[in-house]
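Proteins get letters first, then strands, A, B, ... in listed order; numbering begins at 1 in each.
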Amino acid sequence: MIRQMTLSLTLLATGLAFASDDWTPDIEAWNSSAPPRPDNLIVRNATIWTGTDEGILENADLLVRRGRISAVGQDLSAPRGAVEIDGEGLHITPGIIDAHSHAAMIGGVNEASRISTADVRVRDVIDAESINIYRQLAGGVTTINLLHGSANAIGGQMSVIKLRWGASPAKLVFDAAPEGIKFALGENPKQSNWRADEPRYPQTRHGVEQIIREKFQQADDYRQAMDNMPTGRTARDRVPPRPNHELQAISEILRSERDVHSHAYRADEKLALMRIAEQYNFVIKAFHHVLEGYKIAPQMAAHGVGGSTFIDWWAFKYEAIDGIGFNPALMHESGVVTGLHSDNPELARRMNLEAAKAVRYGQVDPHDALKMITAWPADQLGIGHRTGRLAEGLDADFVIWNGHPLSVQSRVEQTWVDGRRYFDRQADQRMRERLDAERAELIALVLDDSDNDNGNDNGDNGADTSEPERRRVHSFAAHLTGYRASELDHDEYCIFHDH
Amino acid sequence: MRAIVANFLAISLAIALTPALASDLRQPVPGVHALVDVRIVTAPGQVIESGTVVIRDGVIEAVGANVQPPADARVHEFERAEGQDPITVFPGLIEPYLLFEIERDLDEETPAGRHELINPDRRIHARDWPEDKVTQLRRAGFTTALLAADQGILRGHGLIANLGEGNLNRNLIKPSFGQFASLSGRAQGRQFPNSLMGAVALFRQTLDDARWQAAARTAWENNPAQPRPEWLEGLDDLAPALTGQTPLVFESQDLLDTLRILELISDDQVDLTLIGHGEEYKRLGALEARPVRHILPLAFPDAPDVKDEDDRNVSLEALRHWHRAPDNPARLAEAGVPLLLTSHGLSQPGQIFEQLAKAIERGLDSDQALAALTTEPAAWLGLSDRAGRIRPGFMANLVIVEGELFTEGPSISEVWVDGERHVLAALQPPAIDPAGTWALTLGLGGMGDVDASLVLRGPPTNMEGTLTVMGNDTPLSEVRVSGERVIASIDASRFGGSGSISIRLDIDGDRARGNGSGPFGEFTVRGRRTGGPDEEL
């Protein structure tokens, strides 16, 4: 209680209208306004986990100016009128970055048809209304990488979003993030666990390797044809090559204009993909899941590929049999940029505990363990120059914890994105009270309405309520609450199979 | 009057037989009519309190307070008793989105090299004429519609037709209007696309292919000394929509789909029209910034079931939407979004009136609502010089209503299409007062008899009532007294069917005898009055 009171924002009497204390989110994104952004903000006397070489600073201050961090250090002076937060006893960390998520996509997570769906864009199906965004803010997550599923050797284009609850899909997109694409190796693209009704080439790991080479060659030819197309006056009356969005996206990989994030479990297939990349003179940005990363960590470090992994999820299928809890520690020790991801909207709410497990398995330094969910996934996504650390010039994406961030007893008090307080435990409490009242009011209206309607309460309003036929609904998520039906209409998550 | 009805039946019969007899005998069918002493709403906000409409051979010849019926016209008079609402003539309503399924095999229709969900060259043919839907719409007062086929991502050309009897040949107005699209199309099983993002990718690639084809073909026409580009059959049909010569009519599935489509179609050249989803009010800012024309359905949700306090499994989201959905049309209008209204999404087109009444109660201007069903769609369809108003030279498309049109259950008595009269209810002034409680027996043929109780309340000119069958109280959606007959209808969805159940009872003192029909078939009705109007209370 005392802590809650010390946490409340102190408004300095300078006439600055900062209505942050009244701002309340809503449980529906469209109805939730952006929280105000104070011009200047200072958090004082907190324990600050910088995610940089500065390490963990005790009794330190964090100064934010117009959404960007302007200083981190001790005894900082804030401009007059700055909003001040007393950080006594609190821990500040960078906002958590989840490099592997499907938490805010609608209409299917996987275009599970062709072996290459490089023309498909997650950007088109960002679900700005997904309650996952708000719930993950409550777990300290500020940026997530929305990835296409893993049924395809070359999957769809990914989309990195900031969790600006309430914003439209276009405004969620993190514009600083480089373009990226999902690849997948192993059982999923080769259809190991699919029904045998519609077999598709390839059916083996070497087939997957081969189809990727084939697509690279096609894309290279395509790009050359595009580049050879004359421009200006000579282009007049020349038949242009037919545009091909799939090959265009793949050709961007070959020119290092699009990062590859590849789902991969086994060591051998990772080595194979790195060899292809080296042959085509580009670097794989990150392997995801990467349960056998510890077997080839030196080779990964030499190639320069990051590893984004689960800390203790394995053996959910045959190719995941060789996972070990020490994998993140071993990859990290070998010089691989290592991160921990969720691949799951529920796990994403407690990523700090995933980091804590990396301390338990392999004695990773706690600050480094925190970097596995902040600085290093940011680097894997190519956004490390903007977020994932607390340093001058970076976006003010940070989390205020009521205790040590790697403790099971700690919780998030506030989550700030772009210098706006998108999650605040007190505002959340206000929201709950407001929603309860609104709900009671609406129920009274329904009852009143049906009383006026001759007791005819279940009358048909004429809306055609026949539901569109849904192809398949995964049972593993059906019991969860808070998911709209459309969110459950997805296909191939990276780790789940029900067929 | 009875003679007139009989006469009308004979004429109708003659019309029906005309094609068969055409080569042998010429049938003189009188095509000149005068509707006299009626209230006329010639256009939204323009009313002639008492006047005459003259129709000659399917076209309106004259309208006005002082118009004299021509000597060769059949004069239609509407007897009114004291206290009865006036008979009002409205312009026939225009349905801007009559979506229907074409029963054709997409596989066979798709040329090689093209995706089966991409059918921009599809046209609606006479054999596709959706007669059932046409009849339903006409009964709800619609006389003209834009027809579109509902399968696929790019769905082809629409077609404008009147909603008269007979086939497309008789009713066609424009053989081609608009190009229809939706991102809801999916391939079967493991075929591409089986996700929304796949559907978007297919759509985007197709548009670029069409643009490429136009450029590539032009280049080759001008310069044959180069390899001839491959030809993608059907994509040339996208050109009118891509260059703004005809609208691209995009059916939006939901809130996010609207934002998606607005991003996808950012080309100013394209004349984008959206079929709405009813949740536009939720992110109205996007539409204020880009007020794209909307064809708006009025399928407001039913009230959530909250009766059982201990088992209220209803989300705040659902409660809110139930409460706010009827605001949607007014909110869109305020935001400056050009609006057309559609019965699309309702299980019966006639239900549009109940929904419209709600929308009007929540602030939608009733003249604007009428415009959104008459003059606005007429303008959009390029029919401003022939449809949407009652004006000389316009098609004789009329709705004749007892009282007002925009009430929960308007009493539409006649619908005229191209000067042809369709009588929905031949109304005579009430000759009896059937108020009271009636004990009825419904004879369901092989299924035996069922007892029912009918309560009728109010004066014969403005009655309401309730039918109780097997303990289930059901309000009558409509009840009228015409001569010695009671005509009532009930929403069949209350009994698990679609459409409505209608009952006709001939009253002789305290005895009633008649029949009924509904989605489950025909039945007989007989019974007697067991209590007067006062005893019922």
Highest number of heavy-atom pairs under 4.5 Å with chain A: which of L183(B), D473(B), V314(B), D257(B)? V314(B)
With only heavy atoms counted, which part of D119(A) is less than 4.5 Å from chain B, the side chain, the backbone, both or neither? both
Looking at E111(A) and R190(B), is there a salt bridge between them, counting it only when a charged N and a carboxylate O are closer than 4.0 Å? no
Could you give the distance from CZ (R439(A)) to CZ (R320(B)), rounded to the nearest 0.5 Å? 11.0 Å
Does anything in residues 152-159 of chain A reach chain B? List residues with heavy atoms under 4.5 Å apart, or say none. none
Do N110(A) and S195(B) come close enough that some side-chain heavy atom pair is under 4.5 Å? no
Any ion pair linking R204(B) and D124(A) (charged N to carboxylate O, less than 4.0 Å)? yes
Carboxylate-amine/guanidinium proximity below 4.0 Å for R283(B) and E129(A): yes
Is D209(B) salt-bridged to R242(A), cutoff N-O under 4.0 Å? yes
Just give me the residue among I126(A), V122(A), L435(A) that pairs up with chain B most often, heavy atom to heavy atom, under 4.5 Å. L435(A)
Heavy-atom cut-off 4.5 Å, strictly under: side chain, backbone, both or neither for I352(B) against chain A? neither
Under 4.5 Å heavy-atom distance to chain B, tell me which part of R236(A) shows up: side chain, backbone, both or neither. neither
Report which part of E221(B) has an atom under 4.5 Å of a heavy atom belonging to chain A: side chain, backbone, both, or neither. neither
Portion of S315(B) that has a non-hydrogen atom of chain A nearer than 4.5 angstrom: backbone
With D208(B) via salt bridge (charged side-chain N to carboxylate O under 4.0 Å, His left out) - residues at least two apart: R211(B)
Which atoms of L259(B) are under 4.5 Å from chain A, going by heavy atoms: the side chain, the backbone, both sets, or neither? side chain
For I27(A), is it the side chain, the backbone, both, or neither that has a heavy atom closer than 4.5 Å to a heavy atom of chain B? side chain
In Å and rounded to the nearest 0.5 Å, what is the CZ to OG distance from R186(B) to S113(A)? 11.5 Å
Is there a side chain to side chain contact (heavy atoms under 4.5 Å, CB included) between K307(B) and L447(A) once you walk through the steps? CA-CA 7 Å; K307(B) 271 275 151 88; L447(A) 293 171; 4.2 Å; yes
Taking side chain as C-beta onward, heavy atoms only, is M197(B) less than 4.5 Å from H148(A)? yes
Given that the side chain runs from C-beta out, which part of P227(B) has a heavy atom under 4.5 Å from chain A: side chain, backbone, both or neither? backbone
Check for a donor-acceptor pair, side chain of E28(A) on one end and backbone N or O of K282(B) on the other, with a separation under 3.5 Å. no
What I want to check is whether the side chains of N223(B) and D237(A) have a donor and an acceptor closer together than 3.5 Å. no
What part of E230(B) gets closer than 4.5 Å to chain A, counting heavy atoms only: side chain, backbone, both or neither? side chain
Interchain contact, L232(B) with chain A, by part (heavy-atom threshold 4.5 Å): side chain
Hey, does the side chain of Q226(B) reach the backbone of V239(A) with a donor-acceptor pair shorter than 3.5 angstrom? yes
Does a sphere of radius 6.0 Å around CG in N472(B) hold more than 12 heavy atoms from other residues, nucleotides or ligands, not counting ones at 6.0 Å or beyond? yes
Distance from L284(B) atom CG to W30(A) atom CH2, nearest 0.5 Å? 10.5 Å
So does P240(A) get a backbone contact from the side chain of W212(B), meaning a donor-acceptor N/O pair under 3.5 Å? yes
With only heavy atoms counted, which part of R228(B) is less than 4.5 Å from chain A, the side chain, the backbone, both or neither? neither
Which residue out of Q253(B), Q213(B), R260(B) racks up the most heavy-atom pairs below 4.5 Å with chain A? R260(B)
Which distance, rounded to the nearest 0.5 Å, do you find between the CG of D254(B) and the CD1 of I106(A)? 5.5 Å
Is it the side chain or the backbone of D26(A) that comes within 4.5 Å of chain B heavy atoms, both, or neither? side chain
